[in-house]
Amino acid sequence: MGNPGEPDGLDRLWTPHRLAYIKGETKAPGCPFDRAPHLPDDESLVVARGEVVYAVLNLYPYNPGHLLICPYRHVADYTDLTDEEVVEVAAFTQEAMRTVRRVSGAHGFNIGLNQGHVAGAGIAEHLHQHVVPRFGGDGNFMPIVGQTKVLPQLLTDTRDLLSDAWAGH
């Protein structure tokens, strides 16, 4: 092992801005999914609004275009959704897929709900369905070996593209 600052053959990807997230310093009080619909779309990253649900970009996406479909109502469990919410979650999921395909040419999608902290829900108190676009080769060496995702576009630019392409705009 060499001295600090000496070349060692490794490339490093510095992301010091993530330290605030890791330490929990970026978390505002309350539920972010309750807060988002009351902020301007470009600030909250809301892509589209429906009657009872909305689509918002994931602030920490697995892939570019990773959307969350959220009911406006603060509800934790899928079985507690109203019939109207179930229908609009499904319709928004379909439109999210269509929109992301038009904008980015996604090859596939992972779609799912994590119910409860034990199931992997980061915010278990407010139901949100993930719509994660997948691309050939997106499981390359960076996330597998480097535990790092490379996102080629700013979230605000992704939000603008998806919002402009969403049906009805």
Side-chain angles (χ1 to χ4, degrees), residues 13-78 80-106 109-115 117 120-135 138 148-169:
L13 183 61
W14 299 103
T15 58
H17 60 280
R18 298 231 352 122
L19 186 58
Y21 170 71
I22 292 166
K23 289 181 171 182
E25 295 170 0
T26 59
K27 290 186 180 179
C31 176
F33 299 132
D34 288 340
R35 194 171 38 257
H38 302 288
L39 298 171
D41 291 352
D42 60 344
E43 184 180 329
S44 66
L45 301 176
V46 168
V47 170
R49 296 170 183 268
E51 295 296 318
V52 292
V53 305
Y54 66 96
V56 63
L57 276 178
N58 189 328
L59 193 55
Y60 302 101
Y62 294 121
N63 272 339
H66 179 171
L67 289 165
L68 305 173
I69 311 301
C70 305
Y72 291 113
R73 188 168 65 96
H74 190 87
V75 58
D77 198 273
Y78 186 76
D80 293 329
L81 292 179
T82 66
D83 291 344
E84 186 180 17
E85 288 167 332
V86 170
V87 168
E88 200 166 60
V89 164
F92 262 55
T93 300
Q94 288 180 322
E95 187 54 36
M97 292 173 65
R98 288 183 194 110
T99 301
V100 171
R101 278 190 186 124
R102 275 194 307 272
V103 168
S104 68
F109 292 87
N110 290 120
I111 297 169
L113 298 162
N114 298 327
Q115 292 284 257
H117 289 293
I123 302 171
E125 301 79 26
H126 196 132
L127 179 92
H128 53 284
Q129 178 160 271
H130 294 260
V131 179
V132 183
R134 300 303 305 265
F135 304 90
D138 68 9
T148 302
K149 271 290 188 182
V150 177
L151 300 172
Q153 189 173 53
L154 295 173
L155 289 175
T156 52
D157 293 343
T158 303
R159 192 216 71 85
D160 292 345
L161 283 171
L162 294 174
S163 182
D164 290 346
W166 195 275
H169 283 201

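All values derive from a computational prediction rather than experimental measurement.
One distance of note links CD of Glu43 with CG of Leu45; it measures 9.0 Å at 0.5 Å rounding. Distance check, rounded to the nearest 0.5 Å: CG of Leu161 to OG1 of Thr99 gives 11.5 Å. Distance check: Thr82 OG1 to Glu88 CD gives 9.5 Å after rounding to the nearest 0.5 Å. Once rounded to the nearest 0.5 Å, the distance linking CD1 of Ile123 with CZ of Phe33 reads 4.0 Å. Between the CG atom in Leu67 and the CG atom in Asn58 there is a gap of 9.0 Å [rounded to 0.5 Å].
In this structure, Tyr54 contributes its side chain and Leu68 its backbone to no donor-acceptor pair below 3.5 Å. A distance-only check finds a donor-acceptor pair linking the side chain of Tyr72 to the backbone of Gly50 [under 3.5 Å]. One N or O on the side chain of Asn63 and one on the backbone of Pro133 form a donor-acceptor pair closer than 3.5 Å. In terms of modelled atom types and a separation under 3.5 Å, the side chain of Glu85 and the main chain of Val53 share no donor-acceptor contact. Between the Gln129 side chain and the Ile69 main chain, no donor and acceptor come within less than 3.5 Å of each other. With hydrogens and angles ignored, the 3.5 Å screen pairs a side-chain donor or acceptor of Arg49 with a backbone N or O of Pro37. Between the Arg159 side chain and the Val46 main chain, a donor and an acceptor come within less than 3.5 Å of each other. A donor-acceptor contact shorter than 3.5 Å links the side chain of Gln115 to the backbone of Ala76.
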Go through the steps to decide whether His128 and Val56 satisfy the test side-chain contact (heavy atoms from CB on, under 4.5 Å), and finish with yes or no. CA-CA 10 Å; His128 53 284; Val56 63; over 6 Å; no

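Below 30°, between 30° and 60°, or above 60°: for His74 and His126 the angle between ring planes is above 60°, a perpendicular geometry.
Residues Phe135 and Gly105 approach most closely at CE2-C, 4.2 Å, considering heavy atoms. In this structure, Trp166 and Ala55 approach most closely via the heavy-atom pair CH2-CB, 3.9 Å. The shortest heavy-atom contact between Val132 and His66 is CG2-NE2, 3.5 Å.
For the salt bridge (Lys or Arg N to Asp or Glu O under 4.0 Å) condition, no pair includes a residue of residues 59-70, sequence neighbours left out.
Taking Asp77 as the reference, Thr79 meet the side chain to side chain donor-acceptor pair (under 3.5 Å) condition, with sequence neighbours excluded.
Comment: Arg102 engages Glu95 in a salt bridge, judged by a side-chain N to carboxylate O separation of less than 4.0 angstrom.
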